[in-house]
Engineer: 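My structure is below; once you've seen it, I'll send some questions.
Residues: numbered from 1 along the sequence shown. The model shown is predicted, which means the values in this text are computed figures rather than measured ones.
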Amino acid sequence: MKKYAVITMDVEDWYHTYFPEADVDRSISLLDGLDVALEIMKRENIKGSFFVVAEIAEMLAKKIRAMDEAGHDIGCHNYQHLRPVTMSIEDYRKQLIEAKEKIEEILGHEVIGYRAPSFGIDDDRLNVVRECGFKYDSSKLKPQKSAKYGVLNLEGFQEIFPCIHNDGFFTEFEVSTQKIGDMNMLLGGGYIRMLPWFFMKYMTQKYLDTGKPYVMYIHPIDLSPKAMPKVKGITLDRYLRTHIGRENMVWRFKQVIEMLKKNGYEFVTFAELLKLYPAEA
């Protein structure tokens with residue numbers, strides 16, 4: 001069985017990730033973390049899948065066009081960084097159509113990929129994603145304890161390859177998790193940044209030993225060398241989540257890439273995987 005790895009980034013700023021509905025100073029940006037990721041991936045000749053929050057797409061228009069031309073897969077991450085499960089179906093549909101059209105206008109071609117902010121999507125809203133013309137989604141997680149994540153049951157889908165589900169028309173790419181006790185721990189984002197490296201290395205290697213497709217997700221804030229902006233009234237929990245491990249994350253990102261190479265993984269985008277495992281009736 002061939003082994004595939006997809007490096008993904010949710011292209012959002014620090015306030016999208018941790019303060020999506022708070023009144024914070026949005027004039028300070030940590031989107032330079034996107035440039036850090038792109039430079040590392042360029043040196044390693046890796047193409048990835050990037051899901052862009054459409055409300056910042058215009059300011060990144062030149063960059064995401066260049067990424068698209070370089071062979072990266074550009075997808076959609078809503079218009080605003082709001083969890084779909086917190087929105088009405090109609091409000092969600094309206095925002096999703098607006099987001100898709102905005103990014104397509106910038107790129108000059110169809111956008112086929114989607115990921116829900118904070119993986120907060122359910123089956124009803126996944127149907128909206130399909131109805132809006134997307135060809136794939138990557139929001140599926142193994143069951144999580146946190147209430148912020150949505151639940152995708154994917155009724156009518158078949159797992160045609162480990163962690164790749166389709167129903168003949170649409171494909172769902174599962175984000176990598178590794179079981180520990182009764183918990184399915186995510187292997188990307190804040191988890192790989194905040195938890196001790198020896199533990200995350202062990203959990204990642206345990207997953208890679210299965211040979212299943214590996215999907216890593218990160219955010220610009222994880223890789224940005226800039227200091228985290230100060231937020232008035234920030235809780236201790238939120239402070240820790242926005243500060244722990246940021247100084248070492250570039251090194252960890254590179255280490256994960258090396259692990260994937262040593263384990264014989266081939267780097268691909270979701271768009272490329274879609275061609276290898278097409279959702280055809």
Engineer: Looking at Leu187 and Tyr214, what are the two nearest heavy atoms and their distance?
Structural biologist: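 Nearest pair, atom of Leu187 first, then Tyr214: O-OH, 3.5 Å.
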Engineer: In Å, rounded to the nearest 0.5 Å, how long is the span from CG of Leu273 to OG of Ser49?
Structural biologist: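 Rounded to the nearest 0.5 Å, the CG-OG separation comes out at 8.0 Å.
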Engineer: Is Ile7 close to Leu260 at the side-chain level, that is, under 4.5 Å between some pair of heavy atoms?
Structural biologist: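 Answer yes - side chains close enough.
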Engineer: Per the salt bridge (charged side-chain N to carboxylate O under 4.0 Å, His left out) rule, what does the pair list look like for residues 67-78, sequence neighbours excluded?
Structural biologist: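 Residue pairs with at least one partner in residues 67-78: there are none.
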Engineer: Who pairs with His77 by ring pair (Phe, Tyr, Trp, His ring centres under 6.0 Å), at least two apart in sequence or on another chain?
Structural biologist: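 With neighbours one apart ignored, the set is His81.
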Engineer: Report the distance from atom CZ of Phe157 to atom CG of Leu152, rounding to the nearest 0.5 Å.
Structural biologist: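 One gets 8.5 Å once the value is rounded to the nearest 0.5 Å.
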Engineer: Would you say Asn127 and Glu131 are linked by a side-chain donor-acceptor pair, where the criterion is simply a distance under 3.5 Å?
Structural biologist: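 Distance-only check fails for Glu131 and Asn127.
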Engineer: Of all residues at least two apart in sequence or in a different chain, which pass the ring pair (Phe, Tyr, Trp, His ring centres under 6.0 Å) check with Tyr136?
Structural biologist: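 Scan of Tyr136 (ring pair (Phe, Tyr, Trp, His ring centres under 6.0 Å), adjacent residues dropped) gives Phe173, Phe270.
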Engineer: Once you round to the nearest 0.5 Å, how far does CZ of Arg246 lie from CE of Met194?
Structural biologist: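 CE of Met194 is found 12.0 Å from CZ of Arg246.
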Engineer: Distance-only, no hydrogens or angles: does the Glu98 side chain make a donor-acceptor pair with backbone N or O of Tyr79 under 3.5 Å?
Structural biologist: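 Checked: no pair found.
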Engineer: Could you tell me which residues satisfy salt bridge (charged side-chain N to carboxylate O under 4.0 Å, His left out) with Glu272, sequence neighbours excluded, listed by chain and number?
Structural biologist: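 So Glu272 forms no salt bridge (charged side-chain N to carboxylate O under 4.0 Å, His left out) with any residue.
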Engineer: Under 4.0 Å between a side-chain nitrogen and a carboxylate oxygen: does that hold for Lys3 and Glu266?
Structural biologist: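 Salt bridge between Lys3 and Glu266, a charged N being under 4.0 Å from a carboxylate O: no.
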Engineer: Roughly how far, to the nearest 0.5 Å, is CD1 of Ile74 from CZ of Phe51?
Structural biologist: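 Output value for this atom pair is 9.5 Å.
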Engineer: Does the pair Ile234 and Thr242 meet the rule for a side chain to side chain contact (heavy atoms under 4.5 Å, CB included), with working shown?
Structural biologist: CA-CA 10 Å; Ile234 188 172; Thr242 53; 4.1 Å; yes
Engineer: May I have all residue pairs that pass ring-ring contact (aromatic ring centres under 6.0 Å, His included) and include part of residues 85-116, sequence neighbours excluded?
Structural biologist: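 Matches after skipping sequence neighbours: Tyr114-Phe134.
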Engineer: Return the set of residues passing side-chain hydrogen bond (donor to acceptor under 3.5 Å, both in side chains) with Arg130 (not counting sequence neighbours), or none when no residue passes.
Structural biologist: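 Partners of Arg130 by the side-chain hydrogen bond (donor to acceptor under 3.5 Å, both in side chains) criterion, ordered by chain and then number, come out as Asp167.
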Engineer: In Å, rounded to the nearest 0.5 Å, how long is the span from OG1 of Thr177 to CE of Met203?
Structural biologist: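 Going from the OG1 atom of Thr177 to the CE atom of Met203 covers 9.0 Å.
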Engineer: Could you pull out the closest heavy-atom pair between Ala116 and Pro84, with the gap in Å?
Structural biologist: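 Distance-wise, the nearest heavy atoms are CB-CG, 3.9 Å.
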Engineer: When the ring planes of Tyr149 and Phe119 are compared, do they come out parallel, tilted or perpendicular, using 30° and 60° as the limits?
Structural biologist: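 Ring orientation, 0 to 90° scale: tilted.
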Engineer: Judged by atom type as modelled, is there a donor-acceptor pair below 3.5 Å linking the side chain of Trp14 to the main-chain atoms of Ile28?
Structural biologist: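 Here the side-chain-to-backbone pair exists.
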Engineer: Using every non-hydrogen atom in the two residues, find where Val175 and Leu186 come nearest and quote the distance to one decimal.
Structural biologist: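 Reported closest heavy-atom pair: CG1-CD2, 4.0 Å.
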Engineer: Return yes if a side-chain donor-acceptor contact under 3.5 Å exists between His165 and Glu174, otherwise no.
Structural biologist: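 Present: a donor and an acceptor within the cut-off.
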Engineer: If only side-chain N and O atoms count, and only distance matters, is there a donor-acceptor pair under 3.5 Å linking Asn166 with Glu159?
Structural biologist: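 Side chains of Glu159 and Asn166: no pair found under 3.5 Å.
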Engineer: Evaluate the criterion side chain to side chain contact (heavy atoms under 4.5 Å, CB included) for residue pair Trp251 and Met249; output intermediate values, then yes/no.
Structural biologist: CA-CA 5 Å; Trp251 179 84; Met249 185 57 188; over 6 Å; no
Engineer: Can you list everything that forms a side-chain hydrogen bond (donor to acceptor under 3.5 Å, both in side chains) with Ser88? Sequence neighbours excluded, please.
Structural biologist: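 If we apply the side-chain hydrogen bond (donor to acceptor under 3.5 Å, both in side chains) test to Ser88, skipping adjacent residues, the hits are Asp91.
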Engineer: Of the non-hydrogen atoms in Leu96 and Cys132, which two are nearest, and what is the gap between them?
Structural biologist: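 Result for this residue pair: CD2-SG, 4.0 Å.
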Engineer: Quick check: does any side chain N or O of Tyr4 sit under 3.5 Å from a backbone N or O of Thr269, one acting as donor and the other as acceptor?
Structural biologist: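 No.
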Engineer: Show the numbers, then the answer: is there a side chain to side chain contact (heavy atoms under 4.5 Å, CB included) between Phe161 and Leu276?
Structural biologist: CA-CA 11 Å; Phe161 193 75; Leu276 290 170; over 6 Å; no
Engineer: If you look at every heavy atom in Ile56 and Glu12, which pair is closest and at what distance?
Structural biologist: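 The answer is CD1-CA, 4.1 Å.
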Engineer: Treating Thr204 as the side-chain partner and Lys201 as the backbone partner, does any N or O pair qualify as donor plus acceptor under 3.5 Å?
Structural biologist: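 No, the answer is negative, given that no donor and acceptor are paired below the 3.5 Å cut-off.
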Engineer: Crowded around Glu155 CD? As in, over 12 foreign heavy atoms under 6.0 Å?
Structural biologist: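 No - once you tally the heavy atoms of other residues, nucleotides and ligands closer than 6.0 Å, there are 12 at most.
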Engineer: In chain order, what residues pass the side-chain hydrogen bond (donor to acceptor under 3.5 Å, both in side chains) check against Lys140, with sequence neighbours excluded?
Structural biologist: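 For Lys140 there are no side-chain hydrogen bond (donor to acceptor under 3.5 Å, both in side chains) partners, ignoring immediate neighbours.
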Engineer: Check whether Thr210 reaches the backbone of Lys206 with its side chain - one donor and one acceptor, N or O, closer than 3.5 Å.
Structural biologist: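 No, because the side chain of Thr210 does not come within donor-acceptor range (under 3.5 Å) of the backbone of Lys206.
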Engineer: What pairs with Tyr239 under ring pair (Phe, Tyr, Trp, His ring centres under 6.0 Å), at least two apart in sequence or on another chain?
Structural biologist: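 Tyr239 satisfies ring pair (Phe, Tyr, Trp, His ring centres under 6.0 Å) with His243 once adjacent residues are dropped.
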Engineer: Any donor-acceptor pair under 3.5 Å linking the side chain of Ser118 with the backbone of Gly120?
Structural biologist: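 Between the backbone of Gly120 and the side chain of Ser118 there is no qualifying donor-acceptor contact (under 3.5 Å).
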Engineer: Looking at residues at least two apart in the chain, or sitting in another chain, which of them share a side-chain hydrogen bond (donor to acceptor under 3.5 Å, both in side chains) with Arg115?
Structural biologist: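 Only Thr8, Asp10, Ser138 meet the side-chain hydrogen bond (donor to acceptor under 3.5 Å, both in side chains) criterion with Arg115.
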Engineer: Are Glu55 and Lys102 ion-paired here, with the side-chain N under 4.0 Å from a carboxylate O?
Structural biologist: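 No, Glu55 and Lys102 are not salt-bridged.
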Engineer: Counting neighbours of CD on Gln205 that are heavy atoms of other residues, nucleotides or ligands and sit closer than 6.0 Å, is the number greater than 12?
Structural biologist: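 Yes, CD of Gln205 has more than 12 neighbouring heavy atoms, counting only those of other groups under 6.0 Å.
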Engineer: Side chains of Asp237 and Thr235: do they bring a donor and an acceptor to under 3.5 Å?
Structural biologist: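 There is no such pair between these side chains.
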Engineer: Going by an N to O cut-off under 4.0 Å, is there a salt bridge joining Asp122 and Arg125?
Structural biologist: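 Looking at Asp122 and Arg125, the cut-off is met.
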Engineer: Between Glu104 and Lys100, is the closest basic N to carboxylate O distance under 4.0 Å?
Structural biologist: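 Counted as a salt bridge, because a side-chain N and a carboxylate O are separated by less than 4.0 Å.
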Engineer: Given 3.5 Å as the limit, does a donor-acceptor pair link the side chain of Asn263 with the main chain of Tyr265, or not?
Structural biologist: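 No.
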Engineer: State the CZ-CD1 distance between Arg65 and Ile106, to the nearest 0.5 angstrom.
Structural biologist: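 Separation between the atoms: 7.0 Å.
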Engineer: Surrounding CG of Asp23 (heavy atoms of other residues, nucleotides or ligands, distance under 6.0 Å), is the total greater than 12?
Structural biologist: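 Result for CG/Asp23: open.
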Engineer: Quick one: does any side-chain atom of Asp137 pair with a main-chain N or O of Ser139 as donor and acceptor, under 3.5 Å?
Structural biologist: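 Confirmed, Asp137 side chain pairs with Ser139 backbone.
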Engineer: Before giving the answer on side chain to side chain contact (heavy atoms under 4.5 Å, CB included), spell out for Asp124 and Ile89 the whole-Å C-alpha distance, their side-chain angles and the decisive distance to 0.1 Å.
Structural biologist: CA-CA 8 Å; Asp124 288 340; Ile89 293 291; 4.1 Å; yes
Engineer: Give the minimum heavy-atom separation between Arg252 and Leu195, together with the two atoms involved.
Structural biologist: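 In terms of heavy atoms, the two residues are closest at NH1-O, 2.6 Å.
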Engineer: Distance-only criterion, 3.5 Å: show the donor-acceptor pairs between side-chain atoms of residues 221-229 and protein atoms not counting sequence neighbours.
Structural biologist:
residue : atom : partner : partner atom : Å
Asp222  : OD1  : Arg193  : NE           : 2.7
Asp222  : OD2  : His219  : N            : 2.9
Asp222  : OD2  : His219  : ND1          : 3.3
Ser224  : OG   : Asp32   : OD1          : 2.7
Ser224  : OG   : Asp32   : OD2          : 3.3
Ser224  : OG   : Lys226  : N            : 3.1
Lys226  : NZ   : Ser29   : O            : 3.2

Engineer: Tell me which donor-acceptor pairs under 3.5 Å the side chains of residues 33-47 have, and how far apart each pair is, sequence neighbours excluded?
Structural biologist:
residue : atom : partner : partner atom : Å
Asp35   : OD1  : Lys63   : NZ           : 2.6
Glu44   : OE1  : Lys261  : NZ           : 2.9
Lys47   : NZ   : Ala70   : O            : 3.0

